[in-house]
Structure formats: structure tokens, C-alpha cells
Amino acid sequence: MARVLITSALPYINGIKHLGNLVGSQLPSDLYARYMRARGHEVMFICATDEHGTPAELAAAKAGKPVAEYCTEMHEVQAELARGFRLSFDHFGRSSSPENHTLTQHLAGRLKAAGLISEVSEKQVYSNADGRFLPDRYIEGTCPNCGYERARGDQCEECTKQLDPTDLINPRSAISGSTDLEVRETKHLFLRQKAMRDQLRDWIKSKADWPILTTSIALKWLDDGDGLQDRGITRDLDWGIAVKDGENDWPGMEGKVFYVWFDAPIEYIAATAEWAHAQGLGDEAWERWWRTDKGADDVRYVEFMGKDNVPFHTLSFPATLMGSAEPWKLVDYIKSFNYLNYDGGQFSTSQGRGVFMDQALSILPSDYWRWWLLSHAPESSDSEFTWENFQASVNKDLADVLGNLVSRVTKFCRSKFGEVVPEGGTFGPREEKLIADLTEKLRSYEQLMEAMEVRKSSAELRALWVLGNEYLQEAAPWSTFKIDPEAAAAQVRLALNLIRLYAVASQPFIPDAAQTMMTALGSDDWSWPGDVAAALATLPAGHAFTTPEVLFAKIADEQREDWQARFSGVRA
RNA sequence: GGGCCUGUAGCUCAAUGGUUAGAGCAGGGCGCUCAUAACGCCUUGGUUGGGGGUUCGAGUCCCUCCGGGCCUACCA
């Protein structure tokens, strides 16, 4: 048994996430966590809401609520949706937790002691009307290059020229529209990543098994242009983790907070501490996952994220942990994803385009979404959601191939033998062949799941289901029954046991349907089918079962058209 | 501008430089009747975006052109 630490990129707090966010980190990490648990490994699966930063403050202001209250509410909303999608986090924390405050301040203090923090005075735009410093992209104005009137302070989206906010003609606040702006001097802390460049490069180069998407992004940041730059890790905001040197004040940094990208990854660790404390356990309970001097030596740590998060997880966060000179557990494998597009364009939280998690659950059970999203995960390139593809895939894979198999086996048994596993008969060459085929496919499935090959795993699982239909067609117990009822009994006994095997194997993808199958069979035996022949003898003759309702109702054309129309515009 | 990824059947995707480029869906044919008109078997369908090159051999490596996407450090 191994110990596996799994983290999903933290969803930002400012609203309900769309399906593109879900498939990029939370869902595949859940798939992996469920599979690892199913194989008997000890798993710690961590996620949290990322609650700091300017967008959180603005979203709270828009909602007319204090930011702390807004975050508490949105955290609960996101937690409820996570439960709705059956995301099996051991803990779903909050980056605003006391644990994260303590740990972030502690690590900053360690970095300072190691000489890896520099103080830099710089000029930033301050908006008197908004009462805050404005990040570059929250300043709008006319592009001096192309004349586009809604250019942002960091870059003109029209001509793609990179800008400085002071370049803009007629600059104004993107928040309030106010032109009462001024440039003020402010002091910030920088993480001296430049000083750690060689150390980081050596570390990344040692990760030869990482996806190319992950390493190419990291190496580009390390070596592009002038190479890796120091990164500002503080901001002039009210909401966040106060800048401190461990438990001590940091002279000159009063009223400032750490930048969210400094404290967000630290929350992976802090959330594990939150978990320990919530369980009434001591610090050693979480330290054995994160401190190599306290038991984390044998932990395998895997991170899941969308490609936009890669620089922070390959550079800043490792630099933070390495630079602390404390024995923190570093990531062993980073699984990164491309983007899921929606019907010809991008999903967009800010524009309300696409299907959001709450809407998805309001029209169909989570298994439908889990199956489609995972079997179409954007691994090698961006992928696209269309309602036609969703309907076709779900109907064929879930309703026809798996659902109907469960239906035909249980109903046939009920009509000929009653709702008990039938007795008598023996297995012949056909059954031997089935067991051999199942074993081969199952072993392949295990390898793919181990390797986090999400789409390929789903295809292999589906192939496993297909074997059941092929067997039934060949064995044809409905014909056998007429001339040799005992032989038919053996065939049906095998088929019923096959359903249990499918429940176990499918559980990481479609947990609810798997539970329904298991419950219908009157079993609670989730042991992994290491030996397929033995697994197919789990339910003995005479064991009672119930015939389940339709496992997956098909999506009708009218439903699809209705949803297509309903989700064609932007969210209200 | 620079960098990275990507382009394979109508659609979604596979294929350590090595037989005749494969699956699923969709289309066509046959079979079955237990089942959610489901399932099984067979089958049509490709100048691997264009062009050039390296090689005994290229979807794969190199050059170039065309299309799609992402990143480019103060959104997170």
C-alpha cells in the first residue's frame, strides 16, 4: 500500500465555476483519488477555495456584502456543488483559514531569513474614487499604438501591444470609470526567484516523466528572454493575509497583504492542517503528508491543474518551499490540462458563457457530466463541448452499453429464475474466454488509470462493458434456457457477478450509478477484482438481488434542443 | 513580435521512425429477440492541412507555407 497525496487547483471564490474549470482539475483529480482508494492505497485528497485578491473584493462589493461574509457564503455554495458532483475531497478548505495565515506568514519569515526576499519600491496607479491601488489590467484607456479605446493597462487586446498603464491616453478605472487617478510610490516584497533559477531548473529537468505541456511552460519561464524574474508577493489590499515575518511584524509593510498567488498554493498544506484539526488530530497528522522529516518520505504527491496554473506550481510554489530550507514535500507529478471550449467559443465566467456547475446539476445527474467530461478531457489539446456530442456519447455509452446491459441481465433473470442468483450449471470455454478477455482489459485499464491517461482509461472501461454484451449475445441464455436451463443458470450467474465487477471498476467515473448497481445486487463488496475468476464468483447461488430502475435515462432530442437554446446566450 | 501546442475518416480521438494508418460514434448490410427500438457480426469511408527535404523506410524527424489554440510574468 502506498500513500498518495493529491491536490486539485483551487477554484477562485468569485462565482460558480463552469464545466471547463471542473474538467481541468477537480474532476480528474477526483477520478485519480477514487481509483487510488479503490486499489487500497492511503489517499489524502485536498482542495479549497482561493479567496484573496482584487476580484474577490470587487465581487463582494458588487454583491453588496463584506468580503469575509461573501467568501463564507460562496465557499459554502462551491462546497455544496462539489458534493453534488461527488468530488471526494478529504477536505475542502479555505485559503482564508487561520491555518493558512499562520503557515503563509511562517514561510515568508523563513524566506526572509534565507535572504530570498527583497524589498522594492515602485510606482503604481492609485484611484482616489475607488480608494485602492489598481492592478494594471483594471485600468482602461485609449491605446497609444492603435487608438483602441478600451485597451487595458497591461496590454491592448486589439493590437496585442504590451503597455504600461501610464502609456494609456485618457486612463480611467475599469471598476468605477473614474479618471481621478494618480501615481503613488509603494513598497513591496519580491520573492527572489532569480537566485533560485539553477536549483529550479535542475529540479524540473529531473522530472523527465512530466507531460510536455507542463515542462515546456516551466522551462520557458526559466529561460525565456532575461530568464526567470523575481515576483512580487505582496499587494496593497485590505482582504488577505497580513504581511508578517513569522509571528512578528514586518516593519514598513503595515497594511499590506500577501499576493494571492503566494498564499494559494500554501493552502494545499494549510488545508491538510485544517483537515487534521477538524478531525481533532494533532499537527503530526498532517505533517506526515507534508514534512519529509516527519513521515512524508514515502508519499507520492500529484497535482492536477489547468495549463494556466502551471508557472505557479512549477516555479513560485517550489521556490517558496525550497527556499524555506525546511524539509517540505515537493510535487512528484503534475498533470495539466488544456481548455474545454463551449460550442465554438470559450467558456467564460466573467461573460457567463457556457454551462455552469449549478445549471448542469439542475438538468442531469452528475454521472452524466462526469462521464462525458472525463471521456473528453482536454489532455492533448483543447476540446469542445457540444450538446449533440454530449447527447450522443451519453446515450450510447451509459444508457445503451452499460445501462441496458444491467437491465437485460437482471430482467431476464427475474423472469426465468426469480430475483436470486441462479444455481447449477458449469462454466465452459466461452466463460474461460470471457474471463481471459476481462483480465486483459482490466489490467490495461489499471495501467492507464495509474498513468492518469483519462480519456484512454474511459475508452478501456467502455471496452470492458462491451465484453459483457458480446458474451451475452454469444451465450444467448434466452435460447440456452429452452434446451438446457442449468447452462442458462450458469450464464446468468456469471452475468450478475459481472455487473458487480463493473460497479467496482466504474466507480471512479460514475460513483452514483456504481452504488445503484451494487445496492441492486444486494452487495457491499467493493474489493478490486485482482483475480477476475474469483471476482465473478463473489455473489453465490441463492443470493437475492433487486431489479434496478433504468440506470441512465436517455437524453431525448427535445431535451437537447431545449438546453441548447437555453444555454446559447449568456448567464443572467 | 517571440515561444509553445495543435492539424489524421463526416464527428471525437489513437498510432516507441518499421507489416496494408487504427478505435468509438454517425452511414450501409445481416443476425438476435433477454433488454432503455437496446445488443452482436460484417461493412463503406484517408493524397495523415499544402509543398520540399533527411532516411532502406516518415502521420512521426528537419525546412517552409497555411489554419486553430495557449502563454508572454500586476486577473487568478
Side-chain angles (χ1 to χ4, degrees), chain A residues 9-14 50-56 58 122 124-125 133-139 152-155 160-162 164-165 174 188 193 212-213 215-217 219-221 223-226 228-232 235 259-261 264 306-312 315-316 338-339 341 346 349-350 375-376 378-384 386 388-389 392-393 395-416 455-456 458-459 462-463 466 468-481 488 491-492 495 549-554:
Chain A
L10 309 187
Y12 196 63
I13 194 72
N14 70 337
D50 178 11
E51 306 193 355
H52 298 136
T54 307
L58 297 181
E122 50 185 21
Q124 286 195 353
V125 174
F133 282 95
L134 297 177
D136 289 357
R137 70 173 50 200
Y138 282 100
I139 302 160
R152 292 190 323 211
D154 56 338
Q155 184 177 38
T160 73
K161 185 178 172 60
Q162 293 195 43
D164 201 68
H188 283 295
Q193 300 184 134
I212 188 167
L213 182 67
T215 44
S216 65
I217 291 173
L219 290 174
K220 165 171 168 105
W221 279 58
D223 295 324
D224 191 51
D226 297 331
L228 185 64
Q229 299 299 299
D230 294 344
R231 174 176 280 276
R235 293 290 183 274
Y259 174 42
V260 347
W261 262 114
K307 58 185 168 186
D308 51 333
N309 279 347
V310 168
F312 302 99
L315 302 168
S316 323
N338 288 283
Y339 292 141
N341 290 318
Q346 293 190 343
T349 303
S350 57
S375 63
H376 293 78
E379 289 177 295
S380 56
S381 64
D382 291 355
S383 65
E384 175 156 320
T386 65
E388 286 86 353
N389 188 303
S393 299
N395 283 354
K396 192 68 191 175
D397 299 346
L398 296 182
D400 295 346
V401 177
L402 176 63
N404 182 57
L405 176 78
V406 172
S407 189
R408 66 196 294 206
V409 169
T410 51
K411 285 181 180 170
F412 178 75
C413 183
R414 181 174 63 181
S415 74
K416 301 298 187 224
R455 274 188 318 218
K456 288 180 183 174
S458 75
R462 185 189 192 278
V466 166
N469 282 313
E470 289 175 353
Y471 169 75
L472 276 187
Q473 185 65 30
E474 262 192 60
W478 49 90
S479 301
T480 318
F481 184 78
Q491 290 163 351
V492 171
E549 297 299 311
V550 165
L551 209 53
F552 293 100
K554 289 206 194 195

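Protein chains get the first letters and strands the later ones, always in sequence-line order, with residue 1 at the start of each.
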Taking only the [atom1] atom of each, what is the distance from [N] to [M] in whole angstrom?
N	M	atom1	value
B/G31	B/G69	C1'	46 Å
B/C71	B/G52	P	36 Å
B/U64	B/C74	P	32 Å
B/U12	B/G53	C1'	33 Å
B/G27	B/A38	P	11 Å
B/U20	B/C63	C1'	30 Å
B/U48	B/A58	P	12 Å
B/A26	B/C39	P	8 Å

Return no unless some side-chain N or O of [X] is found under 4.0 Å from OP1 or OP2 of [N].
X	N	value
A/K554	B/A37	no
A/Y471	B/C39	no
A/R462	B/A23	no
A/Y339	B/U6	no
A/K396	B/C39	yes

With sugar-phosphate meaning primed atoms plus P, OP1 and OP2, does [X] contact a base, only sugar-phosphate, or nothing at under 4.0 Å between heavy atoms?
X	result
A/S383	sugar-phosphate
A/L228	base
A/K456	sugar-phosphate
A/F481	nothing
A/N338	nothing
A/P477	nothing
A/V260	sugar-phosphate
A/E388	nothing

By salt bridge (Lys or Arg N to Asp or Glu O under 4.0 Å) - contacts of A/E122 (at least two apart): none
Whole-Å distance between [N] [atom2] and [X] [atom1]?
X	N	atom1	atom2	answer
A/E379	B/U6	CD	P	13 Å
A/F552	B/C39	CZ	P	15 Å
A/R455	B/C25	CZ	P	17 Å
A/K220	B/C5	NZ	C1'	12 Å
A/K307	B/G69	NZ	P	11 Å

Quiz item: [X] side-chain donor-acceptor pair to [N] base, under 3.5 Å:
X	N	answer
A/N404	B/A35	yes
A/E122	B/C74	yes
A/E470	B/C39	no

Kindly point out which of [options] is positioned nearest to the side chain of [X]?
X	options	answer
A/V466	B/C32, B/A76, B/G40	B/G40
A/N309	B/A76, B/G40, B/C71	B/A76
A/A392	B/A76, B/G69, B/C25	B/C25
A/Q473	B/A76, B/U33, B/G40	B/G40
A/Q229	B/A76, B/A73, B/A14	B/A73
A/W478	B/A76, B/U33, B/U36	B/U33

Parallel, tilted or perpendicular: ring planes of A/W261 versus A/F312, cut at 30 and 60 degrees: parallel
Near-parallel close stack of A/F412 and B/C34 base (under 5.5 Å, under 30°): no
Watson-Crick and G-U pairing of RNA chain B written in dot-bracket, each distance under 3.5 angstrom, with | for inter-strand partners: (((((((..((((....[...)))).(((((.......))))).....(((((..]....))))))))))))....
Donor + acceptor pair across side chains of A/S393, A/N389 (<3.5 Å): yes
Sidechain-backbone polar pair: A/Y12 side chain, A/H52 backbone, donor-acceptor under 3.5 Å: yes
Check: A/V406 main-chain N/O paired with A/T410 side-chain donor or acceptor under 3.5 Å: yes
